[in-house]
Amino acid sequence: MKQYLTNLFLKSSEKLSYLKEINLFFDIPKSEAHGDLSCNAAMILSKKLKKNPRTIAEEIVLSLDFDKKIISKIEIAGHGFINFFFSKEYIPQIIDEIIKKDEEFGKSEKYKGKKANVEFVSANPTGPLTVGHGRNAVIGDTVANLLEWSGYDVEREYYFNNAGRQMRVLGDSVRLRYLELLGEKIEFPEDYYQGDYIKEIARNLFDQFGSRLISEPAEGIFKQEAEKEIFKSIRSTLERIGIFHKIFFNENSLYEEKKIDKLLSILKEKDLSYEKEGAVWLKLSEMGNEQDKVIVKSSGEPTYRLPDIAYHCNKFERNYDLMVDLFGSDHNDTYPDVLAGLKALGYDSEKVKVLIHQFVTVVENGEIVKMSTRKANFITLDELIDEVGKDVVRYFFNMRNISAHMNFDLDLAKKQSDENPVFYLQYAHARICSIMKMVEKESIKISTENLYLLTSDEEQKLLRKLHLFEEEVLYSAENYEPHRICAYLVELAAAFHKFYTFCRIIGSEHKLAEARLSLASAARIVLRNGLRILGVSAPERM
RNA sequence: GCCCCGGUAGCUCAGUAGGAUAGAGCAGCAGUUUCCUAAACUGUUGGUCGGAGGUUCGAAUCCUCUCCGGGGUACCA
């Protein structure tokens with residue numbers, strides 16, 4: 001509908017040149033009395049043209065060469081709104097399109113031929129994924145889905161680091177637990193990994209090797225085994241909620257391939273770094289950031305900034321048109337340095353889109369569940385999936401704006417009832433599937449021949465919702481806002497449930513029954529496609 | 001101190017390229033099943049959009065100040 005109006009206005013702008021000067025925007029009015037779409041162009045132009053907005057609106061309306069079969073009425077209202085009413089014959093045509101495109105409906109080719117990389121999860125293999133990682137994982141995968149639906153060729157990537165202090169501590173944690181099993185008296189430091197999974201890994205080593213590892217160093221087999229086991233568990237957790245990364249990028253490879261050294265010398269060559277007090281500093285203050293930061297410590301060890309920049313250089317070399325990084329808010333001070341560095345190196349940092357999501361608070365019995373990774377008193381993502389299932393996990397994490405703090409209400413999530421929004425959507429889908437089975441006996445078939453019969457309020461409202469799906473997907477993708485899909489689907493399901501209540505299929509006059517069945521079928525397709533974007537299943541029966 | 005988020009109905013949250021009377025779900029109250037799944041639907045109660053200024057035809061939305069909550073401000077990642 002918006003496309004049709006945009007084209008109309010473009011044609012008119014040949015007559016009224018001032019239309020070219022503004023950004024055309026069509027809005028869906030809150031009140032039905034104001035039509036299907038509304039345009040505020042006249043009001044915006046009134047200051048520029050120093051004319052009464054209503055006069056401008058009249059001029060615009062007169063210039064529009066519209067098809068009466070498509071637009072039934074154009075009104076000027078309020079201070080100068082132009083309201084468009086689409087005809088009841090035009091609106092149902094969407095059904096035909098939906099049924100023809102089926103699984104493809106909602107996809108756009110706007111970014112066809114473009115390559116995108118979405119990096120998410122990226123947790124180091126030091127422990128099982130927690131609820132906090134869950135939000136990152138689900139949002140990342142859904143953003144990737146949205147980009148795919150808007151035409152991108154998307155690669156999902158996981159960046160990890162298996163070197164450094166944390167991993168040393170991990171290996172030593174396992175070693176100490178192993179020695180414990182051998183009956184040695186150990187002191188387990190407070191800042192070591194306390195979780196039971198450490199004991200399990202130690203137990204496996206004990207079962208396999210007995211006491212033969214007694215004098216092995218922490219960084220040898222203990223660390224390797226820990227990394228292997230933990231990664232196995234991370235991947236299996238992700239798999240359970242339908243997440244598969246194509247690339248696992250090891251930070252260490254940057255060192256092995258001398259990328260870090262190369263980057264250092266380039267930075268020096270370009271005069272972007274300098275030495276002071278035995279450390280190497282990046283000239284961030286000259287790049288517009290607040291202050292210079294250390295990239296190589298006086299100990300000779302790089303800080304995270306250096307490999308992060310090198311890693312992104314590597315991504316640039318892989319020729320992506322878009323690179324999305326998804327972090328939790330605890331990382332929100334790291335990316336400006338990296339972006340500034342990339343820009344100074346001559347890369348187009350606009351191609352990197354950093355998304356920061358806020359934290360998750362788990363609420364159970366009305367109380368906040370406090371979590372700490374180190375003390376191992378966290379809820380793992382696996383436990384959450386055990387409790388509520390994949391669909392609820394995916395839906396709940398997608399449901400909220402990523403920039404808002406999120407309360408994950410365990411009690412609500414566990415409820416298999418009407419209070420849980422996931423089931424509202426799934427139930428709508430199951431209901432339609434049920435009808436479609438039922439009508440087989442009644443010889444009612446999907447037919448788009450008599451769609452003009454769909455004129456009731458409930459039918460028209462459902463149809464208008466269906467019209468919005470494509471642009472909703474594209475808008476969500478371009479703004480990286482998965483939660484919009486959730487909101488849209490709830491509205492769509494509500495429109496369907498109302499239609500279901502008031503417009504019966506079986507028992508209606510044959511032509512009308514077929515038209516309504518087609519509408520229901522189109523609604524089913526859109527519900528399923530929307531759920532697919534979210535990674536939530538669309539059951540045929542509940 | 002400085003930086004990034006958030007503060008909208010009792011609760012959880014939508015709504016910010018400025019638009020017409022601020023929405024939904026849950027909770028509360030009152031109803032609807034001889035009828036394609038009642039995990040549904042209908043009606044109803046409930047708001048100084050944290051506060052104060054400003055910008056203008058018009059502000060939850062933009063600007064300034066301020067209060068509250070979360071996160072970050074390392075030669076940790």
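As the structure is a prediction and not an experimental result, all values here were calculated from the model. Hydrogens, waters and symmetry mates are skipped; everything else that's a heavy atom, side chains included, is used. Lettering of chains follows the sequences in order, A, B, ..., and the numbering in each one begins at 1.
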task: Kindly write out the residues that satisfy ring-ring contact (aromatic ring centres under 6.0 Å, His included) with Phe81(A), not counting sequence neighbours, or none if the list is empty.
output: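 Result, ring-ring contact (aromatic ring centres under 6.0 Å, His included) vs Phe81(A): none returned.
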
Tell me, please, which residues at least two apart from [X] pass side chain to side chain contact (heavy atoms under 4.5 Å, CB included).
X         : answer
Ala494(A) : Tyr424(A)
Lys461(A) : Glu32(A), Asp457(A)
Ala413(A) : Val388(A), Val392(A), Phe396(A), Phe408(A)
His79(A)  : Met43(A)

Quick one: side chains of residues 332-340 of chain A, donor-acceptor pairs under 3.5 Å with protein atoms, not counting sequence neighbours, listed by atom name and distance.
residue: Thr334(A); atom: OG1; partner: His331(A); partner atom: O; Å: 3.0
residue: Asp337(A); atom: OD1; partner: Asn289(A); partner atom: ND2; Å: 3.4
residue: Asp337(A); atom: OD2; partner: Lys293(A); partner atom: NZ; Å: 3.2
residue: Asp337(A); atom: OD2; partner: Arg305(A); partner atom: NE; Å: 2.9

Kindly give the atom pairs (protein nitrogen or oxygen, nucleotide nitrogen or oxygen) under 3.5 Å for nucleotides 24-30 of chain B.
none

Can you name the residues that form a salt bridge (charged side-chain N to carboxylate O under 4.0 Å, His left out) with Glu472(A), not counting sequence neighbours?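 Residues passing salt bridge (charged side-chain N to carboxylate O under 4.0 Å, His left out) with Glu472(A): Arg484(A).
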
Checklist entry - In chain order, what residues pass the salt bridge (charged side-chain N to carboxylate O under 4.0 Å, His left out) check against Glu442(A), with sequence neighbours excluded? => result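 Testing Glu442(A) for salt bridge (charged side-chain N to carboxylate O under 4.0 Å, His left out), a comparison that skips the adjacent residues, returns none.
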
Each nucleotide of nucleotides 72-77 of chain B classed B (base within 4.0 Å of a protein heavy atom), S (only sugar-phosphate) or -, in 5' to 3' order, makes SS-BSB

Its contact letters, B for base, S for sugar-phosphate only and - for none at protein heavy atoms under 4.0 Å, make nucleotides 9-17 of chain B read ---SSSSSB

Problem set entry | Where at least one partner belongs to residues 20-41 of chain A, residue pairs that pass ring-ring contact (aromatic ring centres under 6.0 Å, His included), sequence neighbours excluded |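 Passing the test, one end in residues 20-41 of chain A: Phe9(A)-Phe26(A).
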
